[in-house]
There are 2 protein chains.
Amino acid sequence: MSMHPETGGSLQQGLHQDGRRLTPQRRRILELFESLGGGRHLSAEDVHHQLLDRELRVSLATIYRTLRLLVEMGFLQELQTSNGSQFELADAEHIRHHHLVCVRCGRTEEFESEEVLNAGLQASNKFGFDLIGSSLTVRGICPQCR
Amino acid sequence: MSMHPETGGSLQQGLHQDGRRLTPQRRRILELFESLGGGRHLSAEDVHHQLLDRELRVSLATIYRTLRLLVEMGFLQELQTSNGSQFELADAEHIRHHHLVCVRCGRTEEFESEEVLNAGLQASNKFGFDLIGSSLTVRGICPQCR
DNA sequence: CTAGGTGCAAACGATTTGCATGCTA
DNA sequence: TAGCATGCAAATCGTTTGCACCTAG
C-alpha cells in the first residue's frame, strides 16, 4: 500500500509509465541526485549549477518540470523553505531524516527519528493515502541568533 | 529553555520587548487569530480578507510584517505550501497537530502525535535551539487521486 | 510518424522593500 | 520628541507557462 522509493532500474521504468519518456535531460538530473547520495538538499538553481559544473546543459524550466515529476513519483522529497524548495533523495535510507530550522537565519540541522517515521505511516493508513514520505520540520532559534 | 506560546497577556507584553510597539494593526491581527481559535490555517491574503470582512483595514505589507514577527515570537506557526505560507495559532493545544498532504491535488488532512512532539523537543535540545514548534508533513497520494 | 519533452523568454504571484508620513511610548 | 510602524507602489525572485522546435519510442 505504500509507494516506495525505487532503485535506479525501477525508477527508469517509472519514467516510461503513462507515455512518459526518458530523455537525456531527465537522466542527467536523476544521475546527479544518485551521485550525490542522500542527505543533500538541492534547490532547482543548485541542480542547474551542479549540472553546468559537469558541462551538462539543462534549462531551468526543464529542471523545474523534472523535479516536480520526481517528487510525484516519490523519488525525491521536497522541503519548502522561505527561499524556495529544496529537493533530496527520498530513498529508504534517508526517508527518516528530518530538519531543525532556525527561523531567524535559516540554519538547518538534520536528525533522524524512528518514531516520526511511524507516526507518518499511521496517519497515512488512517486516511487511506499511499505514503510517499514524511518530514518533520522543527522551528526554533539557534544559539547564535538568540 | 524553550520559548513557549503565550497567553494574550504575555503576548502583548512580548510586543513591547526590544522597543516594539503594540499598534492597532497588530492588535487586530492578534485578535483575529485568537477569535478563530486553533487549527485554522490562514494565508496572508486570508488574514487580509477576514479583517476586511470585519471592516478593519490593514495593508498587506503590514500583515506580512506582522505575521513574520508573530512567527518569530512563537505565537504563530508557519506551514509552507506550494501556494504560499499558511499561519496558525501555535498554542499548547495545537502545537501537536500535523499534516498529511496529497502531492497531486493538495488535499490536506490533520492528525496529532505525541511522539512527534517529543522528537522535536529532543532534536532542539541536542542542537541547543530554543524550540518554537514543530510540524510533520506527510506526503502521499490520496484515495481519489490514486 | 506523433505525442511528449525542451528551451527560451515572457508572465506570474507571493513576498519584500524604499520612502514619506503617522503614531506609540 | 524619537524612532518604530504603516501604507503605497515598485521591485524581487522563485516558479510557471506559451509557443515553436525537437526527439524518443
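Lettering of chains follows the sequences in order, A, B, ..., and the numbering in each one begins at 1. Just so you know, these numbers come straight off a predicted model, no measurement behind them.
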Touch class at under 4.0 angstrom, heavy-atom based, for Leu60(B) against every strand present: nothing
Integer-rounded Å distance: dG7(C) C1' and Arg65(A) CZ: 8 Å
Value in whole Å for how far the C1' atom of dT6(D) lies from CD of Gln25(B): 6 Å
Rounded distance in Å - CG (Leu15(A)) to P (dG4(C)): 15 Å
Side-chain donor-acceptor contact under 3.5 Å, His41(B) with Glu110(B): yes
dG7(D) OP1/OP2 closer than 4.0 Å to side-chain N/O of Thr62(B): yes
Tyr64(B) side-chain N/O to dT16(C) phosphate OP1/OP2 under 4.0 Å: no
Between dG5(C) (C1') and Arg26(A) (CZ): distance, integer Å: 6 Å
Length of the line joining Leu22(B):CG and dA25(C):P, which is rounded to integer Å: 6 Å
Side-chain N,O (Thr23(A)) to OP1/OP2 (dG4(C)) below 4.0 Å: no
Side chains of Ser35(A) and Arg54(A), donor plus acceptor under 3.5 Å: yes
Integer-rounded Å distance: dG14(D) P and Asn83(B) CG: 18 Å
Short side-chain N/O contact from Ser85(A) to OP1 or OP2 of dT15(D), under 4.0 Å: yes
Minimum-distance nucleotide to Arg68(B) side chain [options: dT17(C), dT15(D), dT6(D)]: dT17(C)
Exam field: side chain Arg27(B) to backbone Leu22(B), donor-acceptor pair closer than 3.5 Å: no
Near-strand residues of residues 43-59 of chain A, defined as heavy-atom separation under 4.0 angstrom from DNA chain C: Arg57(A), Val58(A), Ser59(A)
Which nucleotide in dT15(D), dC8(C), dT15(C) has an atom nearest any side-chain atom of Ala61(A): dC8(C)
Whole-Å gap separating C1' (dG4(C)) and CD (Gln17(A)): 16 Å
Axis deviation across the helix from dC1(C)-dG25(D) to dA25(C)-dT1(D), five-pair ends, to the nearest 10°: 50°
Length of the line joining Leu69(B):CG and dT6(D):C1', which is rounded to integer Å: 14 Å
Nearest-neighbour nucleotide for the Pro24(B) side chain, dG7(D), dA25(C), dT24(C) considered: dT24(C)
Arg21(A) (side chain) and dA3(C) (base): donor-acceptor pair under 3.5 Å: yes
